[in-house]
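Atoms within each ligand, like the ligands themselves, are counted from 1 in listed order.
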Amino acid sequence: MTERVDPALGAPEAVPAVTGSLLAAIDGPAGSGKSSVARTAAERLGFGILDTGAAYRALAWAALRTGIDLDDAAAVENLLDLWHYDITLQGTQRVAVRVPAFDGLPSDEIDVTAEIRDHSVSGQVSRVSKHPAVRERLNAMFRTIVAESGLPGVVIEGRDITTVVAPDAPVRILLTARPEVRAQRRAAELPGLSPEQVLQDLIARDAKDALVVDFLNPAPGVTLVDTSELDFEQSVAAVTDIIRGAQAHQASARPEEETA
Ligand SMILES: Nc1ncnc2c1ncn2[C@@H]1O[C@H](COP(=O)(O)OP(=O)(O)OP(=O)(O)O)[C@@H](O)[C@H]1O
Ligand SMILES: Nc1ccn([C@@H]2O[C@H](COP(=O)(O)O)[C@@H](O)[C@H]2O)c(=O)n1
């Protein structure tokens, strides 16, 4: 399912509450398995998955392509006024942006699914995610996407989902692993880079991102899932078990609510 969202419509006062379907919020540092583990868990549960980092990456990609200064909050906000952003919540992930009226860019939608994972974007994305006003706009967009998804459940993953975007979600997980373990796993999918280089990059990005939000320590009520000693399947099972537990709890609480 593809959602087209205009962030300009997502001003804080216009944002629908994140209610209805079961929402599972997952945060974690770079390379902790948010995309892969959370996505597999969501698929097994029949839920949608909203990868919020993809929006920051797409915004950084668009800023780089249009030549604006990523450190200039007003310029990045102006870009948010002009772009359209699409992301799939189910099936193979597809991320697309349309940025009209910029030199050298076609006004039609561009599929950026692969390009936003490039090292050149990963290395610059923290420059757009550091702006509080940009975060507010994107957070409003995320809440709108979830509220309008019509899905029985959505897993939403990022850095500040358990604390800022959906602090009332019935499931809130901080997914983590030791930096060396994360670097080893990430290096296995990036043959050109050594684990040492990947570790340096991960640590540098986490340090920049941690200046803005805390995704290294679980907030009160957030369940810590450390996968350092777990394989992929065990990690997925840990996450799905927590979500299934919340589903069962919600189902058992519902008849009481209805008769109250
Ligand atoms: N428990 C695990 N055991 C083995 N490999 C794992 C485990 N968890 C994640 N991985 C692998 O680690 C790599 C990084 O995971 P992933 O891309 O999902 O992290 P991420 O948190 O989304 O990273 P980023 O924030 O940089 O986008 C992937 O290759 C994934 O398959
Ligand atoms: N909720 C979020 C999600 C992401 N970011 C920023 O985006 C970058 C890319 O995120 P990935 O999950 O794809 O690694 C990340 O480094 C942050 O700068 C964010 O700020 N908040």
Treating [X] as the side-chain partner and [Y] as the backbone partner, does any N or O pair qualify as donor plus acceptor under 3.5 Å?
{"X": "Arg205", "Y": "Gly123", "result": "no"}
{"X": "His131", "Y": "Leu70", "result": "yes"}
{"X": "Arg172", "Y": "Pro220", "result": "yes"}
{"X": "Thr162", "Y": "Asp27", "result": "no"}
{"X": "Glu136", "Y": "Ala133", "result": "no"}
{"X": "Thr227", "Y": "Leu230", "result": "no"}
{"X": "Arg182", "Y": "Ala177", "result": "yes"}
{"X": "Thr88", "Y": "Thr92", "result": "yes"}

Shortest protein contact, [atom] (heavy atom only):
{"atom": "atom 17 (O) of ligand 1", "answer": "Arg186 NH2, 2.6 Å"}
{"atom": "atom 17 (C) of ligand 2", "answer": "Asp209 OD2, 3.3 Å"}
{"atom": "atom 27 (O) of ligand 1", "answer": "Arg57 NH2, 3.8 Å"}
{"atom": "atom 31 (O) of ligand 1", "answer": "Ser36 OG, 3.7 Å"}
{"atom": "atom 21 (N) of ligand 2", "answer": "Arg135 NH2, 3.0 Å"}
{"atom": "atom 7 (O) of ligand 2", "answer": "Tyr56 CB, 3.3 Å"}
{"atom": "atom 1 (N) of ligand 1", "answer": "Ser235 OG, 2.7 Å"}
{"atom": "atom 10 (O) of ligand 2", "answer": "Gly53 CA, 3.4 Å"}
{"atom": "atom 3 (N) of ligand 1", "answer": "Phe232 N, 3.2 Å"}
{"atom": "atom 22 (O) of ligand 1", "answer": "Ser35 OG, 2.5 Å"}
{"atom": "atom 19 (O) of ligand 1", "answer": "Gly33 N, 3.0 Å"}

task = Report the part of Lys34 in contact with ligand 2, treating N, CA, C, O as backbone and CB onward as side chain, heavy atoms under 4.0 Å; options are side chain, backbone, both, neither.
result =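 Only the side chain of Lys34 comes within reach of ligand 2.
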Answer yes or no: does an N/O atom from [X] fall short of 3.5 Å to an N/O atom of ligand 1?
{"X": "Gly31", "value": "yes"}
{"X": "Arg117", "value": "no"}
{"X": "Val37", "value": "no"}

message = Any salt bridge linking Arg127 with Asp69? Criterion: basic side-chain nitrogen under 4.0 Å from a carboxylate oxygen.
response =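 Between Asp69 and Arg127 there is a salt bridge, with a charged N closer than 4.0 Å to a carboxylate O.
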query = Ion pair present between Arg178 and Asp226, side-chain N to carboxylate O less than 4.0 angstrom?
reply =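 Result for this pair is no, no salt bridge flagged.
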At under 4.0 Å between heavy atoms, which part of [X] makes contact with ligand 1: side chain, backbone, both or neither?
{"X": "Arg205", "result": "side chain"}
{"X": "Gln184", "result": "neither"}
{"X": "Lys34", "result": "both"}
{"X": "Arg159", "result": "side chain"}
{"X": "Pro29", "result": "backbone"}
{"X": "Ser32", "result": "both"}

request  = Please could you name the atoms of ligand 1 that Asp231 approaches to less than 4.0 Å, counting only its heavy atoms?
outcome  =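 Heavy-atom distances to Asp231 below 4.0 Å select 1 (N), 2 (C), 3 (N).
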request  = State the atoms of ligand 1, each with its element, that fall below the 4.0 Å cut-off from a heavy-atom position in Leu230.
outcome  =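 Near Leu230, meaning under 4.0 Å from one of its heavy atoms, ligand 1 has 1 (N), 2 (C), 3 (N).
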If the cut-off is 4.0 Å to any non-hydrogen atom of [X], which atoms of ligand 2 fall inside it?
{"X": "Ser129", "answer": "6 (C), 17 (C), 18 (O), 20 (O)"}
{"X": "Gly158", "answer": "1 (N), 3 (C)"}
{"X": "Val125", "answer": "7 (O), 8 (C), 16 (O)"}
{"X": "Thr52", "answer": "1 (N), 2 (C), 3 (C)"}

Heavy atoms from other residues, nucleotides or ligands near CD of Glu77 exceed 12 (cutoff 6.0 Å) =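 Enclosed: over 12 neighbouring heavy atoms sit under 6.0 Å from CD of Glu77.
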key: Partner of Asp51 by salt bridge (charged side-chain N to carboxylate O under 4.0 Å, His left out), out of Arg117, Lys34, Arg57, Arg94   =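 So the option named by the test is Arg117.
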Is there side-chain contact between [X] and [Y], with heavy atoms separated by less than 4.5 Å?
{"X": "Leu50", "Y": "Ile161", "result": "no"}
{"X": "Thr66", "Y": "Val99", "result": "yes"}
{"X": "Asp160", "Y": "Thr163", "result": "yes"}

key: Per atom 13 (O) of ligand 2, closest listed option by heavy atom (Arg205, Arg57, Arg159)   =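 Looking at heavy atoms only, Arg57 sits closest to atom 13 (O) of ligand 2.
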ask   = Hey, looking at atom 28 (C) of ligand 1, which of Arg182, Glu189, Arg185 has the closest heavy atom?
value =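 Residue with the shortest heavy-atom distance to the ligand atom: Glu189.
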key: Test log, rule side-chain contact (heavy atoms from CB on, under 4.5 Å), inputs Arg244 and Gln247   = CA-CA 5 Å; Arg244 286 206 173 102; Gln247 269 184 313; 4.1 Å; yes
key: Close approach of Arg117 to ligand 2, heavy atoms, under 4.0 angstrom   =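 True for this residue.
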request  = Before giving the answer on salt bridge (Lys or Arg N to Asp or Glu O under 4.0 Å), spell out for Arg186 and Asp201 the whole-Å C-alpha distance, their side-chain angles and the decisive distance to 0.1 Å.
outcome  = CA-CA 11 Å; Arg186 179 47 50 85; Asp201 291 350; over 6 Å; no
